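Structure first, then comments.
As the structure is a computational prediction, the values presented were derived from the model and not from experiment. Here is the naming used below: chain letters follow the sequence lines, and residue numbers restart at 1 for every chain.
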There are 2 protein chains.
Amino acid sequence: MQREESTGSLGFALLGLLARKPSTGYELARRMERPVGYFWSANHSQIYPELARLEDRGFVRHTVIEGAGPRPTKRYAVSARGRKALREWVVAELEPQPVRDLETLRLWNIWLVDRQAALDLVAQVRRGHEDRLTAYEQELADLEGDPEAVDPTHPKFASVLTLEGGVLTRRAALEWCDRMRQRLESAPR
Amino acid sequence: MQREESTGSLGFALLGLLARKPSTGYELARRMERPVGYFWSANHSQIYPELARLEDRGFVRHTVIEGAGPRPTKRYAVSARGRKALREWVVAELEPQPVRDLETLRLWNIWLVDRQAALDLVAQVRRGHEDRLTAYEQELADLEGDPEAVDPTHPKFASVLTLEGGVLTRRAALEWCDRMRQRLESAPR
DNA sequence: AGATCCATGTAACTAGTTACATGATTCC
DNA sequence: GGAATCATGTAACTAGTTACATGGATCT
């Protein structure tokens with residue numbers, strides 16, 4: 001048993017955001033929605049206390065700026081120590097994380113419902129993948145031709161990589177949905 | 001504000017398992033590791049209390065059987081109400097779930113590390129996808145040629161669908177990893 | 001005799017969600 | 001004047017993890 005008290009995934013998500021651009025907690029919450037929210041999300045109620053913990057550990061520092069809230073507005077930036085901790089976490093050997101994929105769980109139970117309901121479910125899942133694919137492609141288009149996106153030490157390089165991953169896997173998921181539809185339609189009744 | 005107290009995803013995961021085969025809590029925990037664990041996971045310490053809640057709601061029932069533990073061994077089975085609740089959940093219109101994908105989060109920060117470390121990370125991620133792909137293909141091979149797998153009202157039909165989805169998306173992920181490797185190798189230094 | 005599996009539970013904790021609370025500024 | 005946006009926090013809750021606890025049966 002360890003009382004280690006180490007930074008969790010949310011902390012590294014925030015460090016990654018701040019390494020790209022210093023921000024207030026509010027801005028971090030907005031940036032968490034999109035595009036980071038494509039692979040990590042958090043509410044502001046989780047972000048504010050986590051920023052305080054990161055500051056305790058010396059991973060971020062804040063300066064008070066003028067802002068619109070009833071309390072002082074704080075802009076956070078990563079420290080050298082925070083950057084180092086993030087770099088180390090990125091390349092660490094991590095054991096595989098537990099998966100929790102609600103859509104696949106629902107599809108795994110599709111044998112319980114009638115054909116029409118099954119087709120509706122597949123269509124619903126397909127729509128979700130389609131929407132995400134469109135979003136990824138739009139983000140990618142914005143980065144296209146940007147010379148910084150070719151530099152592997154620039155954040156935009158990493159953004160392009162992750163977006164391309166999203167495109168590839170969502171396209172595969174669409175193909176899967178089409179197969180499922182065919183399978184359901186051609187199945188004997 | 002609602003005090004609705006409704007069944008969550010874990011409850012439906014357990015109902016789905018029990019709809020396929022009545023089991024003890026212990027067996028459910030084992031089945032959660034593989035193959036269900038490919039898309040949903042839970043520990044026994046989460047499973048036992050959840051089974052009690054499902055029973056409170058009349059979704060499952062248990063009978064005491066002979067077993068090896070110090071306490072009475074209970075075999076659970078879904079009730080008609082539980083089956084109905086599961087069917088309704090499967091086809092419900094659900095809002096998209098928050099995503100938490102640690103691997104993509106790490107790749108999104110890859111611009112912070114040197115080329116070798118970046119290549120190592122990509123290789124690590126690739127290995128994970130490879131291992132999963134192999135597992136999916138093995139499970140699929142076991143189901144191949146099974147006449148029940150063609151019947152859309154049989155659980156094996158749904159198993160095949162989800163495994164095929166896994167194969168398609170993991171193959172896409174492998175392609176993605178190969179692209180990332182090329183991109184990193186061909187990048188100017 | 002010791003390890004592993006079967007079997008069920010609770011306690012203490014961390015992570016994440018939803019709701020409450022406050023108040024200035026800007027847009028319509 | 002009202003809604004949306006900026007801005008930060010806390011409280012109460014649900015979900016999930018890790019550790020503690022117990023003990024028979026089977027395998028080596």
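Comparing D:dT17, D:dA7, D:dG9 by their nearest atom to the side chain of B:Gln46 picks out D:dT17. Distance from the side chain of B:Thr73 is smallest for C:dA7 among the nucleotides C:dT17, C:dA7, D:dA15. Of the candidates D:dT8, D:dA25, D:dG16, D:dA25 carries the atom nearest the B:Ala68 side chain, counting heavy atoms from C-beta on. When distances run from any side-chain atom of A:Trp40 to the nucleotides C:dG16, C:dT22, C:dA7, the shortest one goes to C:dG16.
Between B:Trp89 and B:Phe12, the ring planes are parallel. Angles under 30° get that label, and only those over 60° would be called perpendicular.
Using a cutoff of 4.0 Å between basic side-chain nitrogens and carboxylate oxygens, A:Glu137 and A:Arg170 are not scored as salt-bridged. Classification of A:Glu50 and A:Arg53 as a salt-bridged pair holds, one side-chain N sitting under 4.0 Å from a carboxylate O.
One can place CE of A:Met32 at 13 Å from C1' of C:dA15, the figure rounded to the nearest angstrom. As a whole-Å value, the separation of A:Leu14 CG from D:dT8 P is 13 Å. If you take OH of A:Tyr48 and P of D:dA7, they are 8 Å apart, rounded to a whole angstrom. One can place CD of B:Glu66 at 10 Å from P of C:dA7, the figure rounded to the nearest angstrom.
Side-chain nitrogen and oxygen atoms of A:Asn43 include at least one within less than 4.0 Å of the OP1 or OP2 phosphate oxygen of C:dT17. Phosphate contact (OP1/OP2 of D:dT8, side-chain N/O of A:Thr24, threshold under 4.0 Å): present. The side chain of B:Tyr26 places an N or O atom within less than 4.0 Å of a non-bridging phosphate oxygen (OP1 or OP2) of C:dC6.
Between the side chains of A:Gln138 and A:Asp142, not a single donor N or O lies within less than 3.5 Å of an accepting N or O.
Take the nearest nucleotide of DNA chain C for A:Thr7 and for A:His44: the residue whose nucleotide is more 5' is A:Thr7. The 5' end of DNA chain C is approached more closely, in terms of each residue's nearest nucleotide, by B:Arg30 than by the other of A:Glu50 and B:Arg30.
Counting non-hydrogen atoms of other residues, nucleotides and ligands closer than 6.0 Å to CZ of B:Arg31 gives a total above 12. The 12-atom threshold is exceeded at CZ of B:Arg126, counting heavy atoms of other residues, nucleotides or ligands nearer than 6.0 Å.
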Exercise for review: Give the C-alpha distance, both sets of side-chain angles, the deciding distance and a yes or no for salt bridge (Lys or Arg N to Asp or Glu O under 4.0 Å) between A:Lys84 and A:Glu88.
Suggested key: CA-CA 6 Å; A:Lys84 183 161 167 279; A:Glu88 281 167 7; 3.3 Å; yes
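Counting any heavy atom pair closer than 4.0 Å across all strands shown, A:Ser45 reaches a base atom.
Residues of residues 99-109 of chain A that place a heavy atom closer than 4.0 Å to DNA chain D, in numerical order, are A:Arg100.
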